[in-house]
There are 2 protein chains.
Amino acid sequence: MGATKTDLFTRQQNDIANMAKALAHPARIAILQHLVKINTCICGDLVEELGLAQATISQHLKELKAVGLIQGTVEGTSICYCINPKNWKQYRQFFDKFFGSSVSEGNCC
Amino acid sequence: MGATKTDLFTRQQNDIANMAKALAHPARIAILQHLVKINTCICGDLVEELGLAQATISQHLKELKAVGLIQGTVEGTSICYCINPKNWKQYRQFFDKFFGSSVSEGNCC
DNA sequence: ACCGTTCATCGTAATATTGCAATTATGGGA
DNA sequence: TCCCATAATTGCAATATTACGATGAACGGT
């Protein structure tokens, strides 16, 4: 025991949870914000920007790439990362839909 | 080592990461969806609804309550949980703002 | 007062995540 | 070819999360 029981939940529920998990670390939020801000691509100066070790940054980038939020292309000796616009919009829609179900104010609890 | 270095990031970045963390589990997504659906309050039939043990559900409810997404009031021998409309809307706005920074299509990577 | 129902909390085991040093590719100079 | 810079991967230690059985607290009924 200790592992998440994904089989108990719907595909959609696991999807949303996984999307949220990708955002569930300040370093990854910082990376995404930096990439959004510097709309043109950025390489590994993220290591300087955030105060984490190169190996750690690389790991976070890997996770973000795994869920499709960012993409990277080789640029000579360094690698150029940027937001994946398509999936970014999809994420936005997913969360929008999730929270969109407007909650009835008051009258309970 | 192994703990998240929250002090390296801004308050806002940590906040978003924490909000995302609250949603980063299918059981909590399922709980929230159930509470939204049954707009009137619901008690602990969540234990039946999801297939998890009572102690586990209670733990997830505690986390959701800790971040303010739900609220609960004593209802005799059972407890009535429901969405916290105010914070729900705030969450929605936060994520909307985060993803709102529209990404420039193409032209890079 | 006694029992049963409902839920929180504690303790513990299993697993996942975070972070880094060290190492390993890979590509561009000299 | 021999370095040097950049970034991925590996291996490991520290910490966090998930899940559950057992126990405890609170309430309603009898």
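Since we're looking at a predicted model, the values are computed, not measured. Just the heavy atoms: all of them, side chains too, but no hydrogens, waters or symmetry mates, feed the values below. Chain A is the first sequence line, chain B the second, and so forth, proteins listed ahead of strands; every chain is numbered from 1.
Counting only heavy atoms from C-beta outward, the side chains of A/Leu8 and B/Leu50 never approach each other to under 4.5 Å. Between B/Leu69 and B/Leu23, the closest side-chain pair of non-hydrogen atoms falls below 4.5 Å.
Rounded to whole angstrom, the span from the CD atom of A/Gln59 across to the P atom of D/dA8 amounts to 11 Å. Remark: P of D/dT6 and CG of A/Leu61 are 15 Å apart, rounded to the nearest angstrom. Note: NZ (B/Lys5) to P (C/dC20) measures 4 Å, nearest angstrom.
Between D/dA19 and B/His60, a contact under 4.0 Å exists linking OP1 or OP2 to a side-chain N or O. For the pair A/Thr56 and C/dG19, the criterion of a side-chain N or O lying under 4.0 Å from OP1 or OP2 is not met.
Of the two residues near DNA chain C, A/Glu63 and B/Val47, the one whose nearest nucleotide lies more 5' is B/Val47. Nearest-nucleotide assignment on DNA chain C puts the 5′-proximal partner with A/Ala3, out of A/Ala27 and A/Ala3.
Across all strands shown, B/Leu52 has heavy atoms under 4.0 Å from sugar-phosphate atoms exclusively, and none from any base. When heavy atoms are screened at a 4.0 angstrom cut-off, A/Ala55 is found touching base atoms of the nucleic acid.
In this structure, B/Arg28 contributes its side chain and B/Leu64 its backbone to no donor-acceptor pair below 3.5 Å. With hydrogens and angles ignored, the 3.5 Å screen pairs no side-chain donor or acceptor of A/Glu48 with any backbone N or O of A/Asp45.
Put simply, the side chain of B/Thr77 and the base of C/dT5 share a donor and an acceptor less than 3.5 Å apart.
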